[in-house]
Every structure is written in structure tokens, then in C-alpha cells.
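Chain A is the first sequence line, chain B the second, and so forth, proteins listed ahead of strands; every chain is numbered from 1. Because only heavy atoms are used, hydrogens play no part in the values below, and waters and symmetry mates are left out as well, while side chains stay in.
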Number of protein chains: 2
Amino acid sequence: MHGLLRDRQQWSIPLHGNSETIRTMARQDARERILEAAYDLFAHQGTRSVGVDAIIEKSGVAKMTLYRHFKSKQDLVLAFLERREALWTEDWLIREVSTRTSDPKERLLAIFDAYHDWFQIDDFEGCAFINVLLEYPAHNPLHGAAAGHLAKVRAYIGDLAVRAGIGNVPEFCDVWHMLMTGCTIAAAEGNRAAALEAKRAAQRILDHWSE
Amino acid sequence: MHGLLRDRQQWSIPLHGNSETIRTMARQDARERILEAAYDLFAHQGTRSVGVDAIIEKSGVAKMTLYRHFKSKQDLVLAFLERREALWTEDWLIREVSTRTSDPKERLLAIFDAYHDWFQIDDFEGCAFINVLLEYPAHNPLHGAAAGHLAKVRAYIGDLAVRAGIGNVPEFCDVWHMLMTGCTIAAAEGNRAAALEAKRAAQRILDHWSE
DNA sequence: CGTTTTAGACAGACTGGTTTGTATCGAGAC
DNA sequence: GTCTCGATACAAACCAGTCTGTCTAAAACG
């Protein structure tokens, strides 16, 4: 106890010059640091195999601080999924596809070009939504949340399909998304060309669909 | 508990003829009961969330008996995957497709009919190979094992594709399997018609592929 | 301006439960 | 006597979540 006190004092001394800055920053972004650490760990190792101890260790936060911002680990996983949608679905996938082309039909195909880039990343982390969906049984709230996020991806496909004048949009979304998830699994198996193969198949489906 | 013992004794008595047989049977019976219990639990709840205690409880076996037959839980999961291939891939999928039609091209499509039946089961358990693949990181032996079993499914598709006179078999297998895995994920999301939707898309891919 | 209060952060012990895997012992079969 | 089995206790690690105590910066108040 006294030893710990001394350690903390020694700790504080080198930081004395800008201690207020550090403290203020720390206070403001404690939640942010937790979520950032959780994002990295959950995305790369799965939500089930990552414990809260690993998250507090990586974020340099006290356990009670984590539980002040998130009432349970499940809450933290839900926050992770929402951030994943913001960062992966919206900031990356939709943006990436938008920059490649403006034609709705070409955008549908460009999804697989974006996926191809994704699959080339060294530490390819896989689709967090699929992972969480399969990590928890059907009755678990996290399973439903993951399904909801996957549904939003399908909604985006539906938006493109409508603007591309495609018929039977609901089924088209399902099928298109099956190719996307299917090639994501193939990438997890190690098939780096999965997205290119899926794109060629998608092209054929698209051709026949809009006849 | 005592009921199980009595059952075992009644079981053994009729086999009294050959001593070696009884001992051998008893040994294999224990291993068999463990594997059977592990199969049910692993298939329905995943390999990570099921502990060995649940397996010994369900199989009515002592813990040491389990570890005498399987040197670790990982070993047991490997045995589960092998049995899954024997029961699901060979005894069910391939057999089911074979009984539906004998034409290779029609068999490729019949896979999705079989899948449709599979998806209608009340406690649909999902694809154990995909689950294990995503449950463990890439460097884990179980990840590789699961990938190997998925590759065998693709090999079966390749066999059908060759006999159907389809060109570019390797890519065809990949794409066909993507549709299969993709609709399995969709089924896990709750889409009971996923296999039918996938079949219609597969039909279009097949038409264009064999041009 | 100086003092006190307060809120949030850090540290880490701790609880209660679960995990894999090991060790020991007695019962029953041959 | 030998072998396998079941039952049980156990070790060591891990898990989520709680709790106490300390620190400090900023707000509240004199």
C-alpha cells in the first residue's frame, strides 16, 4: 500500500510539467480510449476470447472506469458493433464504393473491388458482424444486434439496386449479400482472390437479373 | 447416475461370450459416448462455449476417462470435426444429393435443395466447419482443420463439376461454395428461404458458366 | 484570491464462478 | 493381480464484476 503510494508519486513527478493537460485529456477520452482498445481487440481476436482485463490493460484504464462507462461487457460489445458500422460500413465500404464509380450498377460490382483490397490486408480481421453472429446463440441480444448490422449492409445494397432499376430487390439483396459473406469466409480460409472470383460470378448474376 | 450403471451392466451381460470383446467394447463404448455427447454439444453450442465438464456430464463419464481417450480438448474438437465430416458431409450431404438425381449438373443444384431441408430444422445448428474456422485464429490448428474440412466439401463440388463438363473447375468450386456458405450465414441470421434464393442465383451462374 | 468540496480517474485486491487438466481411490470385470 | 472405469478432490489459470482507497483537477464557496 505504502509502496504503491510511493510508486504513484514517482510516476507523477516526471509528468509534473504538463500534468493538468494529461489529466484533462485522460478524463475526457477515457471512454474513447476504452472503446478504441476494445475495437482493436474485438475486431482481431473476437469478442468472446478477449477479456475485459485485456481491454483495461491496453487502454491503461482502471476497471471501475470501464464499468462506469459501460454497464457490462455486453454493453461494450454493442458499442463496438455500432462503431464497427460507423467505421467499416459507412466510413469505409460505402465511401470506398462511392469514390470508385457513381453508376449504381457499377457500384454494386465495385463492392467486390473494395473487398479485394480488404482481403489483401496483412492481418485481415474478417467481418465482425458475421463473427459475433456466430459467436452467440440465437436468443442472445448480441446475435440479434449483429444480424441488425448485417441487415443494414443489405439495406445499402437494396438502395443501390433500386437506383439501378433492378427487379425483385429483396431477393437480389439476399443473394448479393450471400456472395459477399461467402467470399469473406473464403478469405478467412486464406483465399486472397475470393473477392475477384465472387465479382465475376456477381457480374453473371447481375446480367441475368436485369433482363 | 445409478440408473446409468445398471443400464451399463444390463448392456454388458448379453455380451458375456468373449472377454476380450467386452473389455474392448467397454473401452470403445466410453470413447463413443464421449464423442457422441461432444458432437451434440459442439454442433449446437460451438466448441468454445462448451466445456469438458458439460461433455462428461452428458456422457456420464469420468473426467479422467475423457482424458484417457483424448489427450486434450483440442484433440476432442479434432475428433468432432472428423465425425462431422463423416456424418454431415458424407452420410448426409453427399448421400442426400445422390438420392435426388444422378445427373452431375442437377446434383450441383440439388445441393441447395438439401440445404433448404437442412435450414428448416427447428434447432438449426449451422455449419460446424465455418463456426470452428471463425472461432479460432489463423495460427490455431483447429482453424486449419476446419479449413481442411471445408476444402473437402469443395473437392466434392469439383468432382461433380468435372463430371458435368464444366470449365475452370477451381474457380467454379470456389464460387459455388461461396453461395453455399453465404446462404448458411443467411440461414443463421434467420432467413429460412436462403437456400431457395441461392439456388436460383446458382442456376444463373451455372447457365453462363457452361456456355 | 485562497480554501474546500466534488467528480472522475487510477490501482489493485477481492468475490464467485468457470475453465482445462491432474491425481487419487475404490469398485468391478476377467 | 491387472485393467478400466467412475467419483471426487484438486491445481492453476482465467473470467466478469465489485469494492476500497488514493490522487488530482476543476468547480464552488469564503
If only side-chain N and O atoms of [X] are considered, is one of them under 4.0 Å from the OP1 or OP2 phosphate oxygen of [N]?
X       : N      : result
A:Arg68 : C:dC10 : no
A:His69 : C:dA9  : yes
B:Thr65 : D:dC5  : no

Exercise. Using the six-membered ring wherever Trp is involved, compare the ring planes of A:Tyr39 and A:Phe80 and label them parallel, tilted or perpendicular (cut-offs 30° and 60°).
Key: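 Perpendicular.
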
For the pair made of [atom1] in [X] and [atom2] in [N], what is the distance, rounded to whole Å?
X       : N     : atom1 : atom2 : result
B:Arg33 : D:dT4 : CZ    : P     : 16 Å
B:Arg31 : D:dT4 : CZ    : C1'   : 16 Å
B:Glu32 : D:dC5 : CD    : P     : 14 Å

Under 3.5 Å, is there a donor on one side chain and an acceptor on the other for [X] and [Y]?
X        : Y        : result
B:Asn191 : B:Glu197 : yes
B:Ser72  : B:Tyr67  : no
B:Tyr136 : B:Thr47  : yes

Quiz prompt | Where at least one partner belongs to residues 120-147 of chain B, residue pairs that pass salt bridge (Lys or Arg N to Asp or Glu O under 4.0 Å), sequence neighbours excluded | solution = B:Arg84-B:Glu125

Self-check item: Single hit among A:Val50, A:Val132, A:Leu35 for side chain to side chain contact (heavy atoms under 4.5 Å, CB included) with A:Phe42
Solution: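 Going through A:Val50, A:Val132, A:Leu35 one by one, the side chain to side chain contact (heavy atoms under 4.5 Å, CB included) with A:Phe42 is satisfied by A:Val50 alone.
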
Exercise. Mark up nucleotides 13-19 of chain D, 5' to 3', with B wherever a protein heavy atom is under 4.0 angstrom from a base atom, S wherever such an atom reaches only the sugar-phosphate, and - elsewhere.
Key: ---BBBB

